[in-house]
Visitor: 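There's a structure below that I have some questions on.
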Amino acid sequence: MEQLVLALAPSGPPSFANFVAGPNVEPVAVLARLAAGEMAETGILLWGASGAGKSHLLRAAVSAALAAGRSAVGIADPGALSAAAPGKLARHALVAVDAIDSASADAQGRLFTLFNALRAEGGHLLAAATAPPAALALREDLRTRLGWGLVFEIQPLADADKGTALVGWARERGFGLADDVIRYLLAHGRRDMRSLLATLAALDRHSLATKRPITVPMLRSWLQRDIGLDG
């Protein structure tokens, strides 16, 4: 039996190319320049609601920097900073740290030291959080440092942009997605992109297993029978 909550099967490693920017064209362009070594700012903070794409962009920036021959590292959990020496991390041209608003007091201290070390070395700190610097429950000196740089809100996609993302994801995996199927997906269940893509990945497997194309009747039947959603 298929389940709605599945590990997301992405179309490929996170990149700027497979990120549907929607209202986030400016920060995506800035991050591309950052990865290429064309930015002077030490710090860039991305903030926004869960599921808006912040983690994708951090990983895309690290990948783009590495592809450009620059030294870069991504840290998904600030707790990992407790086992990392800020001085060694600062040898990288770009350090990306996700979910900094969950950092412990020790991790916050290391972030502060890391920021200063990167600034001295000409490196960059790319961070992500759920709120802008002024609203983060972080030590004051760290919040001040984060506010020195560029700050961008990563906004969730509108439904039209979500549809574009879903169509592109399906195309990369070799199948089409009709407009009515997209509308049905957007009208039922969770609407964040992670959940939508997880649902679509499971639906693709169901379609292949049953040798039936993805249609609204098939989608409705699958949702109602296998994961208990009302149509």
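Along the sequence shown, residues are numbered consecutively beginning with 1.
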Visitor: Kindly list each side-chain donor-acceptor pair under 3.5 angstrom involving residues 34-52, sequence neighbours excluded, with atom names and distances?
Guide:
none

Visitor: Checking R183 now: which residues fulfil side chain to side chain contact (heavy atoms under 4.5 Å, CB included) with it, not counting sequence neighbours?
Guide: D179, D180
Visitor: Looking at P133, is its backbone amide N or carbonyl O close enough to the side chain of R143 to form a donor-acceptor pair, meaning the two atoms are under 3.5 Å apart?
Guide: yes
Visitor: Compare every heavy atom of L186 with every heavy atom of D159, then report the nearest pair and how far apart it is.
Guide: O-CD1, 3.8 Å
Visitor: Do L57 and V20 belong together in a cluster built from hydrophobic side chains that touch within less than 4.5 Å?
Guide: no
Visitor: What is the minimum heavy-atom distance between L196 and K162, and which atoms define it?
Guide: CD1-CD, 4.1 Å
Visitor: Could you state whether L125 and V30 fall into the same hydrophobic cluster, counting links through intermediate Ile, Leu, Val, Met, Phe, Trp or Tyr residues with side-chain heavy atoms under 4.5 angstrom apart?
Guide: no
Visitor: What pairs of residues pass the salt bridge (charged side-chain N to carboxylate O under 4.0 Å, His left out) test when at least one of them lies in residues 110-125, not counting sequence neighbours?
Guide: D106-R110
Visitor: Donor-acceptor pairs are to be reported for all side-chain atoms of residues 21-28 against protein atoms at under 3.5 Å, with residues two or more places apart or in another chain.
Guide:
residue: N24; atom: OD1; partner: Q155; partner atom: N; Å: 2.8
residue: N24; atom: ND2; partner: A21; partner atom: O; Å: 3.2
residue: N24; atom: ND2; partner: Q155; partner atom: O; Å: 2.9

Visitor: Restricting to non-hydrogen atoms, name the atom on A96 and the atom on L58 that form the minimum distance, rounded to 0.1 Å.
Guide: CB-CG, 4.0 Å
Visitor: Please name all residues satisfying salt bridge (Lys or Arg N to Asp or Glu O under 4.0 Å) with D161, sequence neighbours left out, ordered by chain then number.
Guide: none
Visitor: Could you state whether L66 and L118 fall into the same hydrophobic cluster, counting links through intermediate Ile, Leu, Val, Met, Phe, Trp or Tyr residues with side-chain heavy atoms under 4.5 angstrom apart?
Guide: no
Visitor: Here's a test for you: under side-chain contact (heavy atoms from CB on, under 4.5 Å), which of I100, L114, L111, L81 qualifies with I75?
Guide: L81
Visitor: To the nearest 0.5 angstrom, please state how far the CH2 atom of W169 sits from the CE atom of M193.
Guide: 10.0 Å
Visitor: Identify the heavy atoms of A99 and P78 that sit nearest to each other, and give their distance.
Guide: O-CG, 3.3 Å
Visitor: Determine, using the 4.5 Å side-chain heavy-atom cutoff (strictly less than), whether L89 and F115 are members of one ILVMFWY cluster.
Guide: yes
Visitor: Tell me whether the guanidinium CZ or amine NZ of R139 lies under 6.0 angstrom from the six-membered ring centre of F112 and within 45° of its axis.
Guide: yes
Visitor: Testing the basics here: between P86 and T113, what is the closest heavy-atom pair and its distance to 0.1 Å?
Guide: CB-CG2, 3.9 Å
Visitor: Roughly how far apart are L157 CG and T164 OG1, rounded to 0.5 Å?
Guide: 8.5 Å
Visitor: Between L136 and A129, which heavy-atom pair has the shortest distance, and what is it?
Guide: CD2-CB, 3.7 Å
Visitor: Rounded to the nearest 0.5 Å, what separates atom CD in Q108 from atom CG in D101?
Guide: 10.0 Å
Visitor: Would a distance-only check, ignoring hydrogens and angles, find a side-chain to backbone donor-acceptor pair under 3.5 Å from H206 to A202?
Guide: no
Visitor: For A135, enumerate each residue passing the side chain to side chain contact (heavy atoms under 4.5 Å, CB included) test, keeping only those at least two apart in sequence or located in another chain.
Guide: A131, P132
Visitor: Whether the N18 and S15 side chains hold a donor-acceptor pair (N or O, under 3.5 Å, no angle test) is what I'd like checked.
Guide: yes
Visitor: Please tell me whether L166 and L219 are part of a single hydrophobic cluster in this structure, the criterion being side-chain heavy atoms less than 4.5 Å apart.
Guide: yes
Visitor: Against L126, only a single residue in L150, V95, D98, L94 fulfils side-chain contact (heavy atoms from CB on, under 4.5 Å); can you say which?
Guide: L94
Visitor: Would you find a donor on one side and an acceptor on the other, under 3.5 Å apart, between the side chain of T144 and the backbone of E140?
Guide: yes
Visitor: With the side chain counted from C-beta on, respond yes when M218 and L203 share a heavy-atom pair under 4.5 Å apart, and no when they do not.
Guide: yes
Visitor: State the CD1-CZ distance between I214 and F175, to the nearest 0.5 angstrom.
Guide: 4.5 Å
Visitor: More than 12 foreign heavy atoms under 6.0 Å from CZ of R59: is that the case here?
Guide: no
